[in-house]
Amino acid sequence: MTAPSKGRKLLEVSGLTMDFGGLRAIDSVGLDIFEGEIVALIGPNGAGKTTFFNCVTGIYEPTAGEVMIHPPGEKSRRINGMKPNRITTLGMARTFQNIRLFPAMTVLENVMIGRHCRTGTSILDAILNSRRAVREERETVEKSYRLLKKVGLADVADEFSRNLSYGAQRRLEIARAMATDPFLLLLDEPAAGMNPQETLELDELIVRIRSEDKLAILLIEHDMKLVMSISDRIYVMEYGKEIAQGTPREIKENPRVIEAYLGEEAHA
Amino acid sequence: MAHLKRSFGIGLWFMFLTLPLMVVRVNTLNHEVEWRWSNMIWVGICAFAIAWFWQFSIERRTARRAHVAADAHPEVEKLSLAQRLADDPVLSRRVLIGAAVVAMIFPWLVSTGQNYYHINVMVSALIFVVLGLGLNITVGLAGLLDLGYIAFFAVGAYTYALLSKNFDLGFWTCLPLGGLMGMLFGVVLGFPILRLRGDYLAIVTLGFASITKIVLENWDTVFGGAAGIAGIPRPEFFGMALDGRQKSVYTYYIVLALVALTIVVTTRLKNSRVGRAWMALREDEIACVAMGVDMARTKLSAYALGAFWAGLVGVIFAAHNNFINPDSFTFMDSAMILAMVVLGGMGSILGVIIAGLALKLLPEYLRAFAEYRMLVFGAVMVLMMIFRPQGLINNMRRKYECDTVEGDHDDGAK
Amino acid sequence: MDFQYLFELLCGGVVKGSIYALIALGYTMVYGIIQLINFAHGEVYMIGAFVAFIVAGILTLTGYSGLTVLVLAAVVALIYAAAYGYTLEKIAYRPLRNAPRLSPLISAIGASIFLMNYVQLAQTPDFLPFPELVADFEFMEPIARYVSSVDLVILIVTTVTMIALTVLIKYTRIGKAMRATQQDMVMARLVGVNVDRVISATFIIGSVLAAIAGVLIASRTGQINSAIGFMAGLKAFTAAVLGGIGNIPGAVLGGLVLGIAETLGAGYISSAYEDVFAFGLLVLILILRPAGLLGKAVKQKV
């Protein structure tokens, strides 16, 4: 796959460190993402990938380091320690490794939640059913429905999300994150628990999202085939440290990575 | 056979368990011991029957869950009667109109002349329905377990009592003030405590309600202490003098209007951006925040809005009773309102109304039941959580129409 | 400053606090293992006191007296409290082990209301006079103003109980299993710990402690009724949170702090607002330091 020419920088992480008590889960990790890129973050289990996600999206406050974002058309910001909802509003949305949908809400409603930070109907608007409430509600439904179509879940829009299959739930998480109109989408193991056919469809979906919605994507993934086929660049972590970065080809040939990660994978 | 044997064992176990409390009664004044052995036999028989039924129900529950898990197709969920009713706009409208008509002519159905006992009972029940619907916002929709909800009810009631006594303010002036006071208390209390985890929140709200009651009981100069405040005026009606029955009928219509208003407001909120955020918060806090929902604001709005209804209806309660004292605002009242929400189904408006009416009217008309009321409520809360956590009436899924999406929308919005 | 009065209050606070601590231990142990506020724990305490009252009543009428009655009544009360705790867990909590977090809590509240009303209906809603079973010791006379004979019994029994509990948790098989389950239930199950049995044992131990507290407090205050469990439970929960819920030494410390704070508040400010001090303390501690005095803040795993 040809890497697109590097555009503007969107996310700039440097020296990110996270301690839990005495344990250093992430040790001075840096990572950049440019416009239109698909970047993968890989590494053995327990390498600190999900913790990295949590630090970047505001679930945890990093112990040290800088997380800067450069949203297109807006001024740059340092987002360390910002609340997750603020970060999402600024334009970074994520999915979860252990699916966190709203089980007792319908599929469509799950996506509609993503529109929350892009709409402003107040309690009073809702009670009075004001013009704004009606208009925003209609737009929210339309937009959410369109997203469901994109991920192929339109025909189950009115089902409770708990009744979906595993793969469908993962796709719903992507749709929900996209509803927040992000410029950068962070996917935490989107293919986990999917069968090969579903993984193939996911591969196609991610690439399509990038080209159609002009999004950059950062993903954590264990499925090497998926990672190698869609990523422009790859970062590799081990024991909280970044041990390599580069194009898929460079990573494939990097001896450290083979030793630390692919070697283990080859045995498995 | 194994079931029978187990049930027999359980029966014996419960006979042992209840032996001292059910059988023996010591009268320390006369130095007598009363032995009530017949109770033991009853316990044994009942425990045996319940145990048998219990095992049967648990088995069914497990089987049903396994069935749902094994077959991940969405179609397995059977549509409830209520869901089918809601899906049929013509029928649901008819039922709604029918209910409204019955509610409107209710005073003329049940009472003639000066007999207005039934109307008063209905007013009390409807007051609790409003409370249930208000708590339904906090607990049912937003998932914030508030065990001290009755305190906001007390705030509203005392607001009216004090304002009318000290400043001669009328009912209609005080009605919104009571609601606002409730809301104000909700915001002030909610602000520091809403970041607590769910179970801590429950205990702290309970603590607040206890503090409120103690203050009301002990600060005699302002709140009249344990004796309370008497002589609270009934709602005024354009300066006209009403007789006893007319007063009750009038109050009935006021509270009925409030019920209708609450239903409209809650329904609209539930199906709006605000209500969806509440439900999402209830389902998964972290995911909700990660989707850009401001947790503090969302929680606070749910808490304060619930408190608003309690304050509002508190004013009506004070006006209806003419008299209030701290005994009307105990933990047991909070628990009863919670039981309504639990029984009705968290978040279900229709369910809460039915449960509210049932819990308030049954003890009133079945005197034999009244004594065992709280015993039954307690048991019901346990049983509901185990066998029907979604409540008597399922929280129904809402379907959205979207005609403007380009192309074939019909495949989804069936 | 009247130091004598202060000392009197402090002694009273310690006695009261050690009772809170006994009940708080049950909350903390259960919470440590299944993260549930066992709302009905106060009811088990009340039932313990009631059973003791009934047994003591029967024995007194048949001619026994004093400490013999107290010990026999206490033993029966402990057995019954254990049985109730065990049954409670089986019925109200076990079926909800994997339910959403609020479900077992609501079930617990229901169980609490049920038990309270059950005792009220089976016995009486009125206050009953609990017999005086501890005679005044002669050697206590000089300091009886500060520590009465009943108080001395309370202090001795609570100290011994807590030592026994510590030994149980530190050195016995079931204690080790409890600690393992508390740290990681899934892992404990994998290495062969019977988690269901550990949870039952926790409820039984907690209930026994509560019953001890029930018998002691009843012989101190001289009266019981079916509603005493509610307030005591709430206070003890406050103590557990104060010390850091899930933390056993914390529960003891929290109980003592709460008991002393309450007695001092009642003694110097107003006894009518005694409960307000307790709840005020609870609210403050939860807002300022939700992990409690000895607890550690835990990060939620995402």
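Every heavy atom of this structure was used, including side-chain atoms; hydrogens, water molecules and symmetry mates were not. Each chain gets a letter, A, B and so on, in the order the sequences are listed, and its residues count up from 1.
For the options Val274(B), Asp284(B), Leu269(B), heavy-atom pairs under 4.5 Å to chain A are most numerous at Asp284(B). Ranked by heavy-atom pairs shorter than 4.5 Å toward chain B, the options Leu101(A), Ile113(A), Thr89(A) are led by Ile113(A). Chain B forms more heavy-atom pairs under 4.5 Å with one residue of Thr180(A), Asn85(A), Leu148(A) than with any other, namely Asn85(A). Listed options Gly120(A), Ala177(A), Gly58(A), Ala179(A) were ranked by heavy-atom pairs under 4.5 angstrom with chain B; first place goes to Gly120(A).
At a 4.5 Å heavy-atom cutoff, Ser144(A) makes no contact with chain B through either its backbone or its side chain. Residue contact with chain B, scored on non-hydrogen atoms closer than 4.5 Å, is absent for Leu153(A).
Side-chain atoms of Gln197(A) and Glu201(A) include a donor-acceptor pair closer than 3.5 Å.
Contact residues of residues 288-299 of chain B toward chain A are Cys288(B), Val289(B), Ala290(B), Met291(B), Gly292(B), Val293(B), Asp294(B) (heavy-atom distance under 4.5 Å).
For the pair Tyr149(B) (side chain) and Gly306(B) (backbone), a donor-acceptor distance under 3.5 Å is present. A donor-acceptor pair under 3.5 Å is formed between the side chain of Glu173(A) and the backbone N or O of Phe96(A).
Of all the heavy atoms in Val67(A) and Asn80(A), the pair that sits closest is N-OD1, 2.8 Å. Considering every non-hydrogen atom in both Pro62(A) and Met18(A), the closest pair reads CA-SD, 3.7 Å.
Separating the CE atom in Met68(A) from the CZ atom in Arg78(A) is a distance of 8.5 Å, to the nearest 0.5 Å.
One finds a salt bridge joining Glu212(A) and Lys150(A) here, because a Lys/Arg side-chain nitrogen approaches an Asp/Glu carboxylate oxygen to under 4.0 Å.
Tested against Asn54(A) for a side chain to side chain donor-acceptor pair (under 3.5 Å), the candidates Arg94(A), Lys49(A), Glu61(A) yield a single pass: Arg94(A).
For Phe185(B), the CZ atom counts as loosely surrounded, since its 6.0 Å shell holds 12 or fewer non-hydrogen atoms of other residues, nucleotides or ligands.
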